[in-house]
Amino acid sequence: MSVERPEVLVVAPVMPFLMDALRGAVTVHDRLHLNDPAAFAAAAPRIRAVVATGESKVPAKLIAQLPALEMITVFGVGYDGVDVAAARARGIPVTHTPGVLNDDVADLALGLLISAARRIPQADRFVRGGEWLKGPIPVARKVAGSRLGVVGMGRIGQAIAQRALAFRMDVAYTARSPRENLPYTYHPDAAALAAAVDFLVVITPGGAATRGLIDAKVLQALGPQGYLVNVARGSVVDQPALIAALQAGTIAGAALDVFADEPNVPAELLAMDNVVLTPHIGSGTRQTREAMAQLTFDNLRAHFAGEPLLTPVPA
Ligand code: 8YV
């Protein structure tokens, strides 16, 4: 990088592996816009890049406060928190970290699906609570040979489908358009898919286009024997409708890694026994998070070296 270190705003907490790489190469302003508005106002005209995470927000207002901004690099495959249109309007590229987290998110999706069906967390609580001493636990729901519906058949959706085949699951999906090269049954919308499956796994990008896609109608179609698994974004599911469906027995259960207002999880969900909850850990292994951090940093480095970006978000 150039002799004069570029100044970079990091908008959310990032792992030490990434922070160390950044500090080795650029001048880091760690959440200055949140922690010290006066210092931020002074530094803003010099900030040339923003580092964000999959969950963080880079709204048009923040972009407008950074007149020297040249690029935004996201530690995550999802970039729904970034106002990409506002960035593009100023010719500011946005990068993300596709590919490196497919396996982890797909692993977690299957893990959550099996946890919900076989009630593994509940069984763990049953043993720890001494309940086993009083009698056997009720039987659960079989996974092998059942019907899986995948909402979103991108890279991670395909990794989920591949794993499901090993469980002899019958895989169907919905997406904006059919994928001619894939052997799975296509349904034109989420409700039609939900009506045809036992497990509905959501792995579609967040943002305006998918907000509330999994609504009361879709949950009704999934039915009293059906399970919902969400490893995408909380925004894709109408959370109040989901709570109502779980309370009414409209669906059998759910396993959720993402929520409408993280890290806040509604008390209703916390209280339910037929729900498995995890704290947005889809990509949360050391190996994958380091690969994501490397790619996040490599995009930044490429930009300041005048090289092509490795993984810009799709046009
Ligand atoms: C987060 C994610 O980025 O990749 C995504 O879109 O949501 C996650 O991998 C990760 O939790 C770091 O914030």
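In each ligand, atom 1 is the first atom listed, and ligand 1 is the first ligand listed. Predicted model only: the values in this text are computed from it and were never measured.
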> More than 12 heavy atoms of other residues, nucleotides or ligands under 6.0 Å from CZ of Arg31: yes or no?
yes
> Would you call the rings of Phe199 and Tyr227 parallel, tilted or perpendicular, where under 30° means parallel and over 60° means perpendicular?
parallel
> Is it the side chain (CB and beyond), the backbone, both or neither of Leu101 that lies under 4.0 Å from ligand 1, heavy atoms counted?
side chain
> Which residue supplies the protein heavy atom nearest to atom 5 (C) of ligand 1, what is that atom called, and how far is it?
Val77 N, 3.5 Å
> Are more than 12 heavy atoms, taken from residues, nucleotides or ligands other than Glu131, located less than 6.0 Å from that residue's CD atom?
yes
> If we check salt bridge (Lys or Arg N to Asp or Glu O under 4.0 Å) with Asp80, which of these qualifies: Arg233, Arg211, Lys57?
Arg233
> If you count every heavy atom of other residues, nucleotides or ligands that lies below 6.0 Å from Glu70 atom CD, does the total exceed 12?
yes
> Closest by any non-hydrogen atom to atom 6 (O) of ligand 1: pick that one out of Met292, His280, Glu262, Arg233.
Arg233
> Can you tell me the protein heavy atom closest to atom 1 (C) of ligand 1 and the distance?
Glu55 OE1, 3.6 Å
> Out of all atoms in ligand 1, which are within 4.0 Å of some heavy atom of Ser283? Include the element for each.
8 (C), 9 (O), 10 (C)
> Check this for me, if you would: do Asp103 and Arg163 make a salt bridge, where the nitrogen-to-carboxylate-oxygen distance has to be below 4.0 angstrom?
yes
> What part of Tyr79 sits under 4.0 Å from ligand 1 if we count only heavy atoms: the side chain, the backbone, both or neither?
neither
> Is Phe75 close to ligand 1, meaning an N/O of one under 3.5 Å from an N/O of the other?
yes
